[in-house]
Amino acid sequence: MAKDLQDIHNEASDAMAEGNTEKAIELYNEILTTAPTDEIALGQLMDLYFETDKFQYYLMRANYNVVNQKFEHAINDTKKALNLDPNSIDARVKLARLYRVSNKNLKAIDEFNKIIELCPDNKESYLELIDLYIIENAKESAVGIARKAAEQFPDDIGFKNIVAKLYFDLGAYDEALNFVTDKNLHAKILLQAGKNEEAKIILDTINPQIKEEKAAHKLLLAEYFYNKDQYNEALEVIDDYINLAGPNAVSFQMKALCYEGLNDEFMAAVNFGYMKKAQNKNDEAIVEFNHAHSLKKDDKNVLIELANLYTGLGEKYTAMDFWNAVYELDNDSHAKAVLGDFYYAEGDYRMAAKYGKVKDAPNAENKAYSEAEEEDEGLLNKIINFFTRK
């Protein structure tokens with residue numbers, strides 16, 4: 001049965017009291033394997049290492065500073081440890097990661113490069129270095145490290161596919177095809193390279209089992225049909241994809257491109273609008289939906305999208321114009337309620353009444369503003385007549 005952390009703390013404390021520093025160090029390190037942020041264990045190890053092992057002392061102090069989010073202090077402590085042992089891989093990995101969390105990516109890159117020179121079998125460092133190069137938009141350098149990793153670990157197909165994906169992103173499809181082993185990525189590269197029939201042969205051999213894999217397969221099939229100018233077939237497959245993965249920016253973009261291929265400018269604009277909306281680019285979505293609206297004035301869905309988008313941007317009067325257009329199409333109840341609430345809040349009770357929102361009157365039954373107005377006009381005429389009597 002695993003010991004409770006508090007029990008290990010008690011044992012470690014007893015060992016220190018007995019002067020058994022080796023046992024205490026062993027126990028506190030055991031605590032850190034389960035709870036690496038345990039400040040008591042870190043503090044005690046700092047004290048224990050201070051006289052016996054300055055290298056470990058600086059690493060423990062670095063860990064203590066990391067727990068307290070003092071990254072600059074942690075970096076300085078790790079450097080002090082490396083001054084004592086420049087070949088320590090653990091210390092260099094720690095320093096590289098500290099640079100990374102401190103947004104000093106170029107320094108992190110330098111450290112990871114030193115690590116793979118000192119220890120070519122450190123697989124994680126290759127992966128982190130590739131990722132850093134991608135973040136710094138240096139994909140050619142990322143390719144170089146990925147190829148080096150693929151040579152260092154020839155049985156690891158993961159690195160081969162990383163090389164292939166990086167070449168794919170750079171548009172170097174022939175180079176990508178020399179490394180790829182993943183079928184989906186292989187088909188994707190072939191499709192992008194215009195080798196559609198070769199891609200279809202691979203796609204036909206894929207038998208996806210889980211939902212995510214089925215969705216990815218549908219997306220590649222849609223790309224194949226699109227490349228073949230079979231736009232209606234592509235749209236059917238995109239609908240299958242949406243049933244699996246749900247609507248997203250990619251599905252809307254592909255639909256828009258298919259409708260462009262079919263010369264359906266309206267539906268292309270609508271789907272580009274949904275794509276921009278899915279990307280949270282609402283200003284751009286409004287542009288697309290307005291273009292769709294200019295092509296078909298009475299499309300209810302487009303009117304509702306514009307009403308909602310303008311509302312979200314705080315342009316409430318423009319939004320109400322579109323809600324009014326929705327209402328005038330078919331007396332839509334939701335549009336009517338929105339308009340009624342809007343004009344009532346604005347104090348325009350006459351317009352509010354038009355959309356069924358009545359003005360509250362204390363100690364009286366509610367009635368439409370238009371009715372009250374007629375009564376007020378009658379009273380006004382009586383007053384005028386009274387003061388003009390001879």
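Between the side chain of Lys296 and the backbone N or O of Val302 there is no donor-acceptor pair closer than 3.5 Å.
At a threshold of 4.5 Å between non-hydrogen side-chain atoms, the residues Tyr58 and Leu84 count as touching. Within the 4.5 Å cutoff, no side-chain heavy atoms of Phe322 are placed close to those of Val326. Counting heavy atoms from C-beta outward, Asn282 and Lys276 have side chains that stay 4.5 Å or more apart. Using a 4.5 Å heavy-atom cutoff, the side chains of His293 and Phe289 are not in contact. Between Leu313 and Ile286 the shortest side-chain heavy-atom distance falls below 4.5 Å.
With respect to the salt-bridge test (charged N to carboxylate O, under 4.0 angstrom), the residues Asp332 and Lys336 do not qualify. Electrostatic pairing of Lys165 and Asp182 does not count as a salt bridge here, judged by no charged N lying under 4.0 Å from a carboxylate O. Checked for salt-bridge contact, Lys277 and Glu305 meet the test: a charged N lies under 4.0 Å from a carboxylate O.
Counting non-hydrogen atoms of neighbouring residues, nucleotides and ligands closer than 6.0 angstrom, the CG atom of Leu118 exceeds 12 such neighbours.
Checked by atom type, the side-chain pair Asn243/Lys218 shows no donor-acceptor distance below 3.5 Å.
Annotation: the span from Lys114 atom NZ to Ile89 atom CD1 amounts to 12.0 Å, rounded to 0.5 Å. Within the model, atoms CG of Asn301 and CG of Leu306 stand 11.0 Å from one another, a figure rounded to the nearest 0.5 Å. The distance from atom NZ of Lys297 to atom CG of Leu303, rounded to the nearest 0.5 Å, is 9.5 Å. Between the CD atom of Gln230 and the CG atom of Leu235 there is a distance of 12.0 Å, given to the nearest 0.5 Å. Annotation: the span from Asn63 atom CG to Asn68 atom CG amounts to 11.5 Å, rounded to 0.5 Å. Note that the CG atom of Leu339 and the NE2 atom of His334 stand 9.5 Å from one another [nearest 0.5 Å].
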task = Would you sort out whether Asn232 and Leu262 count as a side-chain contact (heavy atoms from CB on, under 4.5 Å), showing the intermediate values?
result = CA-CA 8 Å; Asn232 288 316; Leu262 291 168; 3.6 Å; yes
Verdict with supporting geometry, Asn122 and Glu124, side-chain contact (heavy atoms from CB on, under 4.5 Å) = CA-CA 6 Å; Asn122 193 296; Glu124 284 297 317; 4.1 Å; yes
ask   = Would Lys79 and Asp77 satisfy side-chain contact (heavy atoms from CB on, under 4.5 Å), going step by step from the backbone distance to the final call?
value = CA-CA 5 Å; Lys79 284 181 177 178; Asp77 287 330; over 6 Å; no
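When every heavy atom of Gly158 is checked against every heavy atom of Asp156, the shortest pair comes out as N-OD1, 2.8 Å. When every heavy atom of Ala222 is checked against every heavy atom of Ile238, the shortest pair comes out as CB-CG1, 3.7 Å. Nearest heavy-atom pair across Ala81 and Leu59 is CB-CD2, 3.9 Å. Closest approach of Ala62 and Lys94 over heavy atoms only: CB-CD, 4.2 Å. The two residues Ala176 and Ala164 come nearest to each other via the heavy atoms CB-O, 3.4 Å.
Taking a 4.5 Å side-chain heavy-atom cut-off between Ile, Leu, Val, Met, Phe, Trp and Tyr, the cluster of Tyr224 extends to Phe168, Tyr173, Leu177, Val180, Leu185, Ile189, Leu190, Leu191, Ile202, Leu203, Ile206, Leu220, Leu221, Phe225, Val237. Clustering of Ile, Leu, Val, Met, Phe, Trp and Tyr side chains at separations under 4.5 Å places Leu95 together with Val66, Phe71, Ile75, Leu82, Leu98, Tyr99, Val101.
Residue pairs meeting the salt bridge (charged side-chain N to carboxylate O under 4.0 Å, His left out) criterion with at least one partner in residues 82-92, sequence neighbours excluded, are Arg92-Glu111. Screening residues 222-236 for salt bridge (charged side-chain N to carboxylate O under 4.0 Å, His left out), with sequence neighbours left out, gives Glu197-Lys228. Counting only residues at least two apart or on different chains, the salt bridge (charged side-chain N to carboxylate O under 4.0 Å, His left out) pairs with a member in residues 170-180 are Asp174-Lys195. Listed by first and then second residue, the ring-ring contact (aromatic ring centres under 6.0 Å, His included) pairs involving residues 138-161 are Tyr126-Phe153, Phe153-Phe159 (not counting sequence neighbours). Listed by first and then second residue, the salt bridge (charged side-chain N to carboxylate O under 4.0 Å, His left out) pairs involving residues 311-329 are Lys316-Glu346 (not counting sequence neighbours).
Exactly one residue among Trp323, Phe342, Tyr344, Tyr327 makes a ring pair (Phe, Tyr, Trp, His ring centres under 6.0 Å) with Tyr355. That residue is Tyr327.
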Please list, one pair per line, the donor and acceptor atoms closer than 3.5 Å that link side chains of residues 245-259 to other protein atoms, with sequence neighbours excluded.
{"from": "Asn248", "atom 1": "OD1", "to": "Val250", "atom 2": "N", "distance (Å)": "3.2"}
{"from": "Asn248", "atom 1": "OD1", "to": "Ser251", "atom 2": "N", "distance (Å)": "2.9"}
{"from": "Asn248", "atom 1": "OD1", "to": "Ser251", "atom 2": "OG", "distance (Å)": "3.4"}
{"from": "Asn248", "atom 1": "ND2", "to": "Tyr241", "atom 2": "OH", "distance (Å)": "2.8"}
{"from": "Ser251", "atom 1": "OG", "to": "Asn248", "atom 2": "N", "distance (Å)": "3.0"}
{"from": "Ser251", "atom 1": "OG", "to": "Asn248", "atom 2": "O", "distance (Å)": "2.8"}
{"from": "Lys255", "atom 1": "NZ", "to": "Asp239", "atom 2": "OD1", "distance (Å)": "2.9"}

List the atom pairs, donor and acceptor, that lie under 3.5 Å between side-chain atoms in residues 127-138 and the rest of the protein, sequence neighbours left out.
{"from": "Glu128", "atom 1": "OE2", "to": "Arg97", "atom 2": "NE", "distance (Å)": "2.8"}
{"from": "Glu128", "atom 1": "OE2", "to": "Arg97", "atom 2": "NH2", "distance (Å)": "2.6"}
{"from": "Asp131", "atom 1": "OD2", "to": "Arg100", "atom 2": "NH2", "distance (Å)": "2.3"}
{"from": "Tyr133", "atom 1": "OH", "to": "Asn113", "atom 2": "ND2", "distance (Å)": "3.2"}
{"from": "Glu136", "atom 1": "OE2", "to": "Asn105", "atom 2": "ND2", "distance (Å)": "3.0"}

Report, one line per pair, each donor and acceptor closer than 3.5 Å where one atom sits in a side chain of residues 141-152; sequence neighbours left out.
{"from": "Arg147", "atom 1": "NH1", "to": "Tyr167", "atom 2": "OH", "distance (Å)": "3.0"}
{"from": "Gln152", "atom 1": "NE2", "to": "Asp121", "atom 2": "OD1", "distance (Å)": "2.8"}

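Applying the ring-ring contact (aromatic ring centres under 6.0 Å, His included) test to His217 and every residue at least two apart in sequence or in another chain returns nothing. Not a single salt bridge (Lys or Arg N to Asp or Glu O under 4.0 Å) links Lys80 to another residue, sequence neighbours left out.
A cation-pi arrangement is found for Lys54 relative to Phe50, the charged atom lying closer than 6.0 Å to the ring centre and inside a 45° cone about the ring normal.
Clustering ILVMFWY residues whenever any of their side-chain heavy atoms sit less than 4.5 angstrom apart, transitively, puts Val287 in a cluster other than the one holding Leu309. With hydrophobic clusters built from ILVMFWY side chains whose heavy atoms lie under 4.5 angstrom apart, Leu170 shares a cluster with Ile162. Note: the hydrophobic cluster containing Tyr274 also contains Phe266 (ILVMFWY, side chain heavy atoms under 4.5 Å, direct or indirect links). Val93 is not connected to Met60 by any chain of hydrophobic side-chain contacts under 4.5 Å among Ile, Leu, Val, Met, Phe, Trp and Tyr, and they are in different clusters. Linking Ile, Leu, Val, Met, Phe, Trp and Tyr whenever their side-chain heavy atoms come within less than 4.5 Å leaves Ile210 and Ile242 in two separate clusters.
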